[in-house]
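Contents: one structure, followed by commentary.
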Amino acid sequence: MKVKKAVFPVAGLGTRFIPATKAMAKEMLPVVDKPIIQYAVEEAFAAGIEQIIFVTGRGKKALEDHFDRSVEIESNLEAKGKTELLKQIQELVPRTGTIVYTRQHQPRGLGHAIWCARDIVGDEPFAVLLADDMIKTEGKPVLSEMVEQFDRFRASIAAVMEVDKSQTDKYGILDAGPLEDKIVRVNDMIEKPAPEEAPSNLAIVGRYILTPKIWDHLGKKQKGAGGEIQLTDAMRALLKEQPIFGYKFEGTRFDCGDKAGFQMANLAYALERPELKDKLLDFIKSGCFNIIDFRSCSSQKIAILEPGRLFANQ
Ligand code: G1P
């Protein structure tokens with residue numbers, strides 16, 4: 001069965017971005033000039049997803065409005081003859097029913113947020129996208145690649161990448177063995193282990209394709225790490241019945257739930273815009289910064305200026 005539905009858990013409060021997120025959904029923070037959520041929605045549609053299910057919470061009205069018509073803005077742009085902008089905002093509005101909303105009434109963890117979409121998804125495989133995780137690739141977007149892999153294996157699959165061992169307590173971590181060039185077969189997984197308890201440094205990032213069997217395990221609502229109902233725990237239980245694979249994507253992942261990661265995403269995506277690139281590079285090269293190191297990050301070279309502050313160079 002084709003992967004046609006994607007669940008977007010977007011109920012989080014965005015406390016790490018207060019005060020910016022006091023009255024605004026964190027998913028609406030812009031990377032260059034598009035809200036974070038729009039990148040993930042575009043990735044889902046590009047992968048052939050036909051229906052998106054937003055699991056929202058209170059205070060997410062802007063998110064719903066973003067994918068709805070704005071008659072006021074449209075007539076204003078029309079009157080001013082700004083046809084290109086008009087086209088852009090009209091294209092944002094998918095056919096009615098393509099995006100549906102349900103609510104998670106209480107923050108009880110990622111596993112619970114996904115479970116809130118069970119009646120809408122039903123008995124078919126589905127994708128999960130964590131919009132905070134932006135993944136920049138040279139080729140196809142990660143979800144498109146994963147859909148292809150799902151079509152081969154017909155089993156659940158999560159995007160994975162290697163992280164620094166000191167960071168394992170921020171991720172779901174796999175115990176996995178190599179299968180193919182970009183595919184690992186999962187033996188076990190654990191949510192946010194301390195570095196000394198982590199079975200590896202292979203971490204799950206926010207793209208999943210799950211078989212509907214996962215509902216049985218999410219439905220048990222067992223609390224795990226941080227007292228929350230974790231998707232990783234439900235997947236771990238699923239492993240006893242079905243194989244699960246990890247997809248080692250090629251690309252750069254930006255953690256936009258983190259202030260530094262968010263700034264890095266803005267810089268990396270802005271440097272791809274012809275109208276912004278030269279201005280930004282001139283600013284960076286103007287000598288205001290003290291470059292202490294260079295690292296390669298996808299196609300860009302990143303200059304490490306001071307701990308935690310990165311700027312790209314040509
Ligand atoms: C969630 C998942 C975790 C995964 C991570 C990727 O954690 O629970 O397994 O590795 O997303 O970003 P969160 O970042 O919501 O704490």
Side-chain angles (χ1 to χ4, degrees), residues 6-17 21 25-27 29 31 36-37 39-40 43 54-57 104 106-117 127-136 142-143 146 156-176 184 186 188-195 197-210 214 217-218 221-239 244-249 251-262 264-265:
V7 177
F8 283 63
V10 287
L13 293 175
T15 39
R16 282 195 274 177
F17 278 91
T21 50
K26 65 171 175 157
E27 296 80 11
L29 291 170
V31 169
I36 290 172
I37 189 72
Y39 289 88
E43 183 178 334
F54 281 139
V55 182
T56 68
Q104 183 188 29
Q106 271 179 297
R108 296 176 66 188
L110 177 62
H112 179 258
I114 294 165
W115 187 76
C116 291
V128 173
L129 289 94
L130 309 185
D132 277 356
D133 280 336
M134 287 184 71
I135 306 176
K136 197 164 163 298
V142 173
L143 194 69
M146 288 173 67
S156 299
I157 182 161
V160 296
M161 69 174 200
E162 285 177 14
V163 297
D164 194 280
K165 193 87 196 217
S166 65
Q167 301 295 303
T168 57
D169 60 356
K170 294 196 173 80
Y171 300 93
I173 299 290
L174 302 185
D175 167 1
V184 293
V186 180
D188 202 357
M189 51 173 71
I190 172 166
E191 180 70 7
K192 302 196 171 78
E197 276 152 28
S200 76
N201 66 340
L202 205 53
I204 300 175
V205 296
R207 302 289 182 278
Y208 308 79
I209 296 178
L210 300 167
I214 196 76
H217 303 290
L218 288 173
K221 297 191 200 157
Q222 266 160 13
K223 286 187 187 169
E228 296 192 332
I229 299 164
Q230 298 290 356
L231 174 61
T232 304
D233 294 339
M235 290 174 75
R236 185 175 198 222
L238 178 66
L239 256 180
I244 298 182
F245 298 94
Y247 177 68
K248 292 167 101 174
F249 62 90
T252 310
R253 175 258 189 177
F254 297 96
D255 177 5
C256 289
D258 168 79
K259 283 178 201 167
F262 175 70
M264 290 179 216

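Read the numbers this way: they start at 1 and go in the same order the structure lists the ligands and their atoms. These values consider heavy atoms only, across backbone and side chains, with no hydrogens, waters or symmetry-generated copies.
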Does a salt bridge link [X] with [Y], judged by any charged N lying under 4.0 Å from a carboxylate O?
| X | Y | value |
| --- | --- | --- |
| D132 | K26 | yes |
| R236 | D188 | yes |
| D169 | K192 | no |

What protein heavy atom sits nearest [atom], and how far off is it?
| atom | value |
| --- | --- |
| atom 7 (O) of ligand 1 | K192 NZ, 3.3 Å |
| atom 14 (O) of ligand 1 | K170 O, 4.5 Å |
| atom 10 (O) of ligand 1 | I204 O, 2.6 Å |

Distance-only side-chain donor-acceptor flag, H112 / Q104, under 3.5 Å
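The criterion, which ignores hydrogens and geometry beyond distance, is satisfied for Q104 and H112.
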Ligand-side contact atoms (ligand 1) for residue partner [X], heavy atom cut-off under 4.0 Å:
| X | value |
| --- | --- |
| G172 | 3 (C), 4 (C), 9 (O), 10 (O) |
| Q230 | 8 (O) |
| D133 | 6 (C), 12 (O) |
| T232 | 9 (O) |

Give a yes/no on ligand 1: does L231 have at least one heavy atom closer than 4.0 angstrom to it?
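No; L231 lies far enough from ligand 1 that no heavy-atom distance drops under 4.0 Å.
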Measuring from non-hydrogen atoms of R253 to any atom of ligand 1, is the shortest distance under 4.0 Å?
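Yes, R253 has heavy atoms under 4.0 Å from ligand 1.
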From atom 12 (O) of ligand 1, is the closest protein heavy-atom distance below 4.0 Å?
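Yes, there is one.
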Contact partition for L130 relative to ligand 1, non-hydrogen atoms under 4.0 Å:
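For L130, the contact with ligand 1 is made by the side chain alone.
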CG of L110 to CG of D233: how many Å apart, nearest 0.5 Å?
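If I round to the nearest 0.5 Å, the distance is 10.5 Å.
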Determine whether a donor-acceptor pair (N or O, by modelled atom type, separation under 3.5 Å) exists between the side chain of R253 and the backbone of K136.
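Side chain of R253 to backbone of K136: no pair is present.
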Report yes if some N/O of E191 lies less than 3.5 Å from some N/O of ligand 1; otherwise report no.
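Yes, at least one N or O pair falls under 3.5 Å.
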Find out whether V55 and I114 are in side-chain contact, i.e. whether some heavy atom of one side chain is under 4.5 Å from a heavy atom of the other.
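No, too far: nothing below the 4.5 Å cut-off.
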Given D175, V163, V184, T168, the one that forms side-chain contact (heavy atoms from CB on, under 4.5 Å) with L202:
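Among D175, V163, V184, T168, the one that satisfies the side-chain contact (heavy atoms from CB on, under 4.5 Å) with L202 is V184.
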